[in-house]
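Per chain, numbering begins at 1; letters A, B, ... match sequence-line order. Note that the structure is a prediction, hence the values are computed from the model and not measured.
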Amino acid sequence: MNVRGTVAGDVAVKTVTTSYGESELAEVPVRLERDPETGEPIAGDDATAPTTVTCWGKWVESAQLLEPGMELSVTEAETDEYRGEVRYSTTSDSYVVVEPGFLVNVTAIRSWVECPRLYYLNKLSGVPLNYPVVKGTLVHEVFGDLLRGRALEEAIEERIDERGLELGLLGESPDSVAEEVRQNAAAIEGWLEQGRLTDEDDWRSEQLLISETFGIRGRADAIRRGAPVELKTGKNLRKEPRFKDKIQAACYALLLEENGDPVDTGTLLYTKNSALDRNEETGDLTPAKDFSMGNGLLKYVVRVRNELAAMEARGAVPTGNEGNAKCEYCFERDTCMVVSGRLDQESKAGQIGQPLPEEELEHFERFYRAIEEERAEVHREYAKLWEQTAEERADDDRALIDLEFLEKRPLEGGRWELRARKEGAATSKLREGDLVLASDGHPVRGNSELARIEVLDEEVVLTADEPVEVTRLDVYPSELTTDRLLVALHDALLKGEGRRKDVLFGRVEPEFEDLDETFIDNNDAQNEAVRMAVGARDLALIHGPPGTGKTYTIARAVRAMVERGERVLLSAFTNRAVDNLLEALLEQGFSDFVRVGTESGVRRDIQPYRLERSGDPEERLEELQDAQVVAATTATCGSRVMKEQVFDVALVDEAAQLTEPGTYAAINLASRFVLVGDHQQLPPVVRAENELSTSLFERLVDVHPEAGVMLDRQYRMNQRIQAFASSAFYDGELRPATPAVASRTLDDLEGVSRDALPEHLRDPVSFVDVPGDDERYTDTEEAKTIAELIETYEAAGLDPSNVGVIAPFRAQVSEISRHVPNSVAVDTVDRFQGSSEEVIVVSFVASGELEGPIFEDHRRINVALTRPKRALVLVGDAAALEGDSVYRELLEWAQA
DNA sequence: GCTCTGCTCAGAGGA
């Protein structure tokens, strides 16, 4: 039976004498969530009384890592009664897992075994672009292709082509790379031939494995007869596989064992060994080293994993003394010493250099913790894969379930196309281009593959390395962005240049070059913004409230910078914002830019400017290197390719939506930077509530108000509409740019007559009182009223495509969508940010007592209220809204 | 307790 619970007190370690001799044991007080025998939740007094779990033998090591509050799981436990009390203890088949909900990567365990500090350094500073790594990746890809039955030369050619950009940056030619890959592949092929003779088909490549029992996840290179095969392109001239390689294979064995039969062997394939390791007697090529995996090794792996998980749970930093690696042999020794020195950390290798100033150290630690909290949230997403039922996942929009599997079709190159049919109404967070877990029923327990969504319609089309009869798709939680945030933070504070940091921490005032030039004629604030952006030696902050032409202003600034011969990085958090900037540049007749990003992320009209990753290395390199303007999301700025690029200036739009480390990812690449945003609109999207919720933009506006300028004239809203937002959010400083803007009404639109509208809708701002229904996240009455409103507007001559409807909840969005014509854009506030419509209808979904904020915080209301140009209609239950002071003011304004 | 976008994924190797 499996025992699982929360550690409720201190662990006691004892030595006892048993019939087998002296033994160590650890007694752990554990508060169980469920009865281990029945699986029923424990209720009442029993829930608070801790049970003792005894860990015998080597598991004492893992038990000693535990602290109150940590999670513990023991498999194959047995019950024993001790002085009338029911207790549990480990058996010879047990595994003890510390913090099982924390899914540790196989490669993390591998580097932890080598040296715990190496694990930490990898996490902090990432792995830069280098040739051995790219070559290793290529050989692995070709290996996978061979297993999937592809011809060698074809595989080599295509895989190298795919990495054109990276190879270009590394200055490698396709021919020489192909030759090296070919040499490695020869070893693989030779070995495969032997394997095929005895065992034709029992192979599979690249499987993503997740273990809910052991809290481990990873991707195995290949599986042969149920056992892991791990490919290594590095050198190993010794007879035995390297220890860390064995550990890696053993991790996959554990993962495979969870859903299948016990695994007792592993194979390591050292492809560089072929020529060197020829067996003199038989003449065989022997790149493969098989080794047996006993229980002891597998348990060791879990103990190592426990060390890592416990260290992360405590928020501690490894010193390197935990292991027994020799620093003299370590590749990362210098990095290790520098990081230790800069962060004033204890480390086995020692320290070099001066520590960061106290305030920077403190800043680093706070953000490090915040990012790790964010990572923990990603891990929680993983746990939901098995903790929630399929139905709960679907209700949470995290899965599409009950798909009807249609077909699997082999594609050229050994990959597969999978098709399934979904019910039309089913919704989820999944979008085309996303990576998902495609399974035949359960993403962890069933047959499951990492797949990409090619088409998401009534019929779903996926591509994957291996076929699976897909009936369910789950969101795949990725740590990629968290990883990149950490590296960006590290780069900003540890590698950051002195003056940059002085400015960031408010120790030095930003400087500006005095420019006389007029860039924009009839808008002083915009002109000043461009002047500051162009003349900034350190930074400039442009505050752009709704409709004030910030995109236009940025585009103008970019052109001015380009004229001065500067190389410019354009960035923003979302793909949409990046493409909007480029659109503005195109409108101003400038098209000499390159867009870096994924095919599914970049908007159709910007695709011609998108940098292909594949192709001739020199050509790809030139395209990127020669581009004076490069545009990418901040996440992409943290990619290996972008990190090789250097810019004079980074311009970041929608900066108020970015976390501080997220902003660093972009500005780390440039010597000066301009942030553009509005901290009165949406804040960063983060899972955990912590420092990440405040943007660098907002912080710097406070620290350096003199480096900022606010665009104060808006080109969007009728005066009546903007009045509330201006006074509530912009100190009354937001004004219509022209009298024409101030007085714009629906009458200006062709064929529309306000006189045809009922009295109460003729004003640019109106309120429609709907006593709502009592549903929490939907309101059918409001939805019906909104549908009627749209008909009324239509009758007055307005095309429904000029109406946008904003609702606070997704449930209400779909409710309203069912009632109104397709041409009406219905969405949440978040998705409306950055766009506008002639008429905006806001659905409040409030009735009875207001329970908590509807549009979460004031910034969401601001966004909702500032989308319309000519008319704003608020729809809600007046009696309910009046219960909240902000909404009461809003009603007074709307009904004035 | 709601709102939400990123990203090839994870792993690739250097003596």
Side-chain angles (χ1 to χ4, degrees), chain A residues 105-108 110-111 122 127-141 143 162-163 166 206-209 217-221 230-237 242 244-245 248 272 328-332 396-397 429 431 433-437 449-452 464-465 476-485 572-578 597-601 613 632-640 654 657-659 662 665 682-687 776-777 806-813 827-833 845 851-857 859-860 863:
Chain A
N105 264 349
V106 170
T107 42
R110 174 189 159 96
S111 57
N122 278 344
V127 177
L129 189 68
N130 63 21
Y131 180 58
V133 169
V134 172
K135 191 190 73 190
T137 309
L138 278 167
V139 174
H140 275 77
E141 286 170 345
F143 177 49
E162 277 173 9
R163 294 194 179 264
E166 282 169 74
E206 313 256 7
Q207 189 172 16
L208 175 74
L209 299 158
R217 71 171 201 268
R219 196 180 63 179
D221 286 343
E230 183 55 31
L231 184 71
K232 295 291 163 199
T233 57
K235 266 190 210 129
N236 178 18
L237 301 179
R242 278 178 301 205
K244 60 182 177 183
D245 296 342
Q248 187 175 5
K272 238 188 185 170
E328 304 91 88
Y329 302 147
C330 180
F331 284 103
E332 300 297 343
D396 256 9
D397 282 344
K429 290 179 195 293
R431 287 168 313 171
D434 281 358
L435 268 175
V436 293
L437 285 165
E449 280 294 329
L450 201 52
R452 181 168 302 281
D465 280 343
Y476 180 72
S478 166
E479 282 181 62
L480 185 110
T481 25
T482 354
D483 288 342
R484 288 190 181 172
L485 288 186
F573 180 56
T574 61
N575 277 305
R576 197 176 56 179
V578 171
T598 58
E599 196 179 347
S600 60
R613 302 158 64 101
T633 58
T634 48
T636 299
C637 287
S639 68
R640 277 204 295 254
E654 305 212 335
Q657 271 194 81
L658 272 167
T659 63
L682 299 183
V685 175
V686 283
R687 291 181 172 86
R776 185 128 194 218
Y777 303 117
I806 297 178
F809 313 117
R810 279 155 61 102
Q812 178 70 349
V813 166
D827 231 321
T828 56
V829 184
D830 304 68
R831 303 221 191 168
F832 257 104
Q833 170 146 330
V845 196
E851 285 175 58
I854 314 169
F855 282 98
E856 197 217 305
D857 66 17
R859 292 175 283 197
R860 280 205 155 70
V863 175

Using OP1 and OP2 only, check whether a side-chain N or O of [X] sits under 4.0 Å from [N].
X	N	value
A:N575	B:dG6	yes
A:T107	B:dG11	yes
A:Q248	B:dA12	yes
A:T636	B:dC7	yes
A:R484	B:dC7	no
A:R640	B:dA12	no
A:R163	B:dA12	no
A:Y777	B:dG1	no
A:K232	B:dA12	yes

Closest to side chain of [X], choosing from [options]:
X	options	result
A:T828	B:dG13, B:dT3, B:dG1	B:dT3
A:Y476	B:dG13, B:dC7, B:dA10	B:dA10
A:S478	B:dC2, B:dA10, B:dA15	B:dA10
A:R810	B:dC4, B:dA12, B:dT8	B:dC4
A:E230	B:dG14, B:dT8, B:dG11	B:dG11
A:L480	B:dA12, B:dC7, B:dT5	B:dC7
A:T233	B:dC7, B:dG13, B:dG6	B:dG13
A:K429	B:dC4, B:dC2, B:dC7	B:dC4
A:L450	B:dT5, B:dC4, B:dC9	B:dC9
A:K244	B:dG13, B:dA15, B:dT5	B:dA15

Round to a whole Å and report the spacing from [atom1] of [X] to [atom2] of [N].
X	N	atom1	atom2	result
A:E166	B:dG13	CD	P	14 Å
A:E479	B:dA10	CD	C1'	10 Å
A:F832	B:dC4	CZ	C1'	16 Å
A:L682	B:dG6	CG	P	13 Å
A:R242	B:dA12	CZ	P	11 Å
A:R431	B:dC7	CZ	P	9 Å
A:R831	B:dT3	CZ	C1'	10 Å
A:L435	B:dC9	CG	C1'	6 Å

Could you give the distance separating [M] and [N] at their [atom1] atoms, to the nearest angstrom?
N	M	atom1	result
B:dG14	B:dA10	P	23 Å
B:dT8	B:dC4	P	23 Å
B:dC7	B:dG11	C1'	16 Å
B:dG1	B:dT5	P	22 Å

Review point. With sequence neighbours left out, what residues match A:E332 under side-chain contact (heavy atoms from CB on, under 4.5 Å)?
Key: A:L118, A:L121, A:C330, A:T335
Point to revise | side chain to side chain donor-acceptor pair (under 3.5 Å) involving A:R163 - partner list, sequence neighbours excluded | key: A:E141, A:E166
Identify whether any heavy atom of [X] sits under 4.0 Å from a base atom; if not, whether one sits that close to sugar-phosphate; answer base, sugar-phosphate or nothing.
X	result
A:D434	base
A:T481	base
A:V127	base

Point to revise | Closest heavy-atom pair and its distance - A:Y777, A:F809 | key: O-CD1, 3.5 Å
Study note, to complete from the structure: Comparing nearest nucleotides in DNA chain B, the 5'-proximal residue of the pair A:L231, A:T574 is A:T574
Check your understanding: Quick one: do A:E206 and A:R219 make a salt bridge, cutoff under 4.0 Å?
Key -> yes
Check your understanding: Does any N or O donor sit under 3.5 Å from an N or O acceptor when you compare the side chain of A:E332 with the base of B:dG14?
Key -> yes
Point to revise | Side chain A:R110 and base B:dA10 donor-acceptor under 3.5 Å | key: no
Practice item. Start with the C-alpha distance between A:V578 and A:T636, add both sets of side-chain angles, then the distance that settles side chain to side chain contact (heavy atoms under 4.5 Å, CB included), and finish with yes or no. Key: CA-CA 11 Å; A:V578 171; A:T636 299; over 6 Å; no
Review point. Any donor-acceptor pair under 3.5 Å linking the side chain of A:H140 with the backbone of A:D221?
Key: no
**Study point:** Sidechain-backbone polar pair: A:Q833 side chain, A:L682 backbone, donor-acceptor under 3.5 Å
**Key:** yes
Practice item. Kindly indicate whether the side chain of A:Q248, heavy atoms from C-beta on, has any atom under 4.5 Å from the side chain of A:K232. Key: yes
